[in-house]
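This report concerns only the one structure given below.
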Amino acid sequence: MASWVKRFKSWSISRLRDWEGCAFAAKLKHLDKLPVPGSKAMERGSAIGKMCEDYVTGELLELPEELELFGPEFLELRDAYRVEGGKTIFVEETWGFDKDWTPCAWDDWDRCWVRVKMDLGRFVASDHILNVDYKTGRFKQEMAAFDYVPQLNLYGTGALCRYPAVEKVSARLAYLDSGVTYPEGDALLFTRDQLPQMKAAWEKRVAPMLVDQKFEKNPGNGCRWCHFRKSNGGPCSY
Ligand code: SF4
């Protein structure tokens, strides 16, 4: 009798990146659920993400110093949130979509096919959403094309699928520790006429991950930081 082989049935940008980096490590982490200890940087990132949410929604009264480089933006957001509330501004949401990109609950384990985590979204017009992802750590120009742009594209794809009346999605990254925004000028703009190509590009990119049953190791530079490496007592042979 053929043995049952685990496969990925859903994805997110971080899971996809993990698999593209090393399929074996992604399997250990996401399918076998081997624990991976968090780092100080990750804990700090989560804590500051919560500060962003709490400041915008008014839970935090004082602007934390970690957000000061974007102080005027946060102040304006908070003032707007006080008036508009969750009608036009949404913070820290997770969006779920099924295989047809139809919105569904992110925790619908049978149906949800892709999950998109959102730091901040705002209707800047009835047909235009702005998405901002607040980041800690260093901006790395060399990661822009293969890492930052796809991440912004997925926000655009998700927002256009979730809100049928929306024609335009602007998306940008904001680096809280340095005050850098990416892109530096106008946010990246995604329009409804691009949506079929955007969906198709994601489907093509994620397809190999969703059929993978071999989970091959990909030894390289990443092994130095991999929790599963042999020298760390992990199950990998590298
Ligand atoms: S040590 Fe390298 S090859 Fe092994 S799981 Fe980690 S990243 Fe993959």
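These numbers were taken from a predicted model, which means no experiment stands behind them. Note: hydrogens, waters and symmetry copies are ignored here, and every other heavy atom, side chains too, is used. Atoms within each ligand, like the ligands themselves, are counted from 1 in listed order.
Counting backbone and side-chain atoms alike, C236 contributes no N/O/S atom closer than 2.8 Å to atom 8 (Fe) of ligand 1. Note on C226: not counted as a metal contact of atom 4 (Fe) of ligand 1, no N/O/S atom lying under 2.8 Å.
Atoms of ligand 1 lying under 4.0 Å from any heavy atom of F24, numbered from 1 in the order shown and given with element: 5 (S). Of all atoms in ligand 1, numbered sequentially from 1 with element shown, those under 4.0 Å from a heavy atom of R229 are 1 (S). Atoms of ligand 1 found under 4.0 Å from any heavy atom of P219 (numbered from 1 in listed order, with element): 3 (S).
Below 30°, between 30° and 60°, or above 60°: for W106 and W109 the angle between ring planes is above 60°, a perpendicular geometry. Ring-plane geometry between F90 and W95 is classed as tilted, the angle between the planes lying from 30 to 60 degrees on a 0 to 90 degree scale.
Under 4.0 angstrom from ligand 1, the non-hydrogen atoms of N218 all belong to its backbone. Using a 4.0 Å cut-off between heavy atoms, C223 contacts ligand 1 through both its backbone and its side chain.
Formation of a donor-acceptor pair under 3.5 Å by the Q194 side chain with backbone atoms of T191 is found in this model. N131 places no side-chain N or O within 3.5 Å of a backbone atom of A171 that could act as its donor or acceptor partner.
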Open item on the list: Show, in sequence, the C-alpha distance, side-chain angles and deciding distance for F139 and Y148, and conclude whether the ring pair (Phe, Tyr, Trp, His ring centres under 6.0 Å) test is met.
Closed with: CA-CA 10 Å; F139 170 75; Y148 302 157; 5.5 Å; yes

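For atom 8 (Fe) of ligand 1, the closest non-hydrogen atom of the protein is C22 SG, 2.3 Å.
A salt bridge is defined here as a Lys NZ or Arg NE, NH1 or NH2 lying under 4.0 Å from an Asp or Glu carboxylate O, and D32 with K27 meets this definition.
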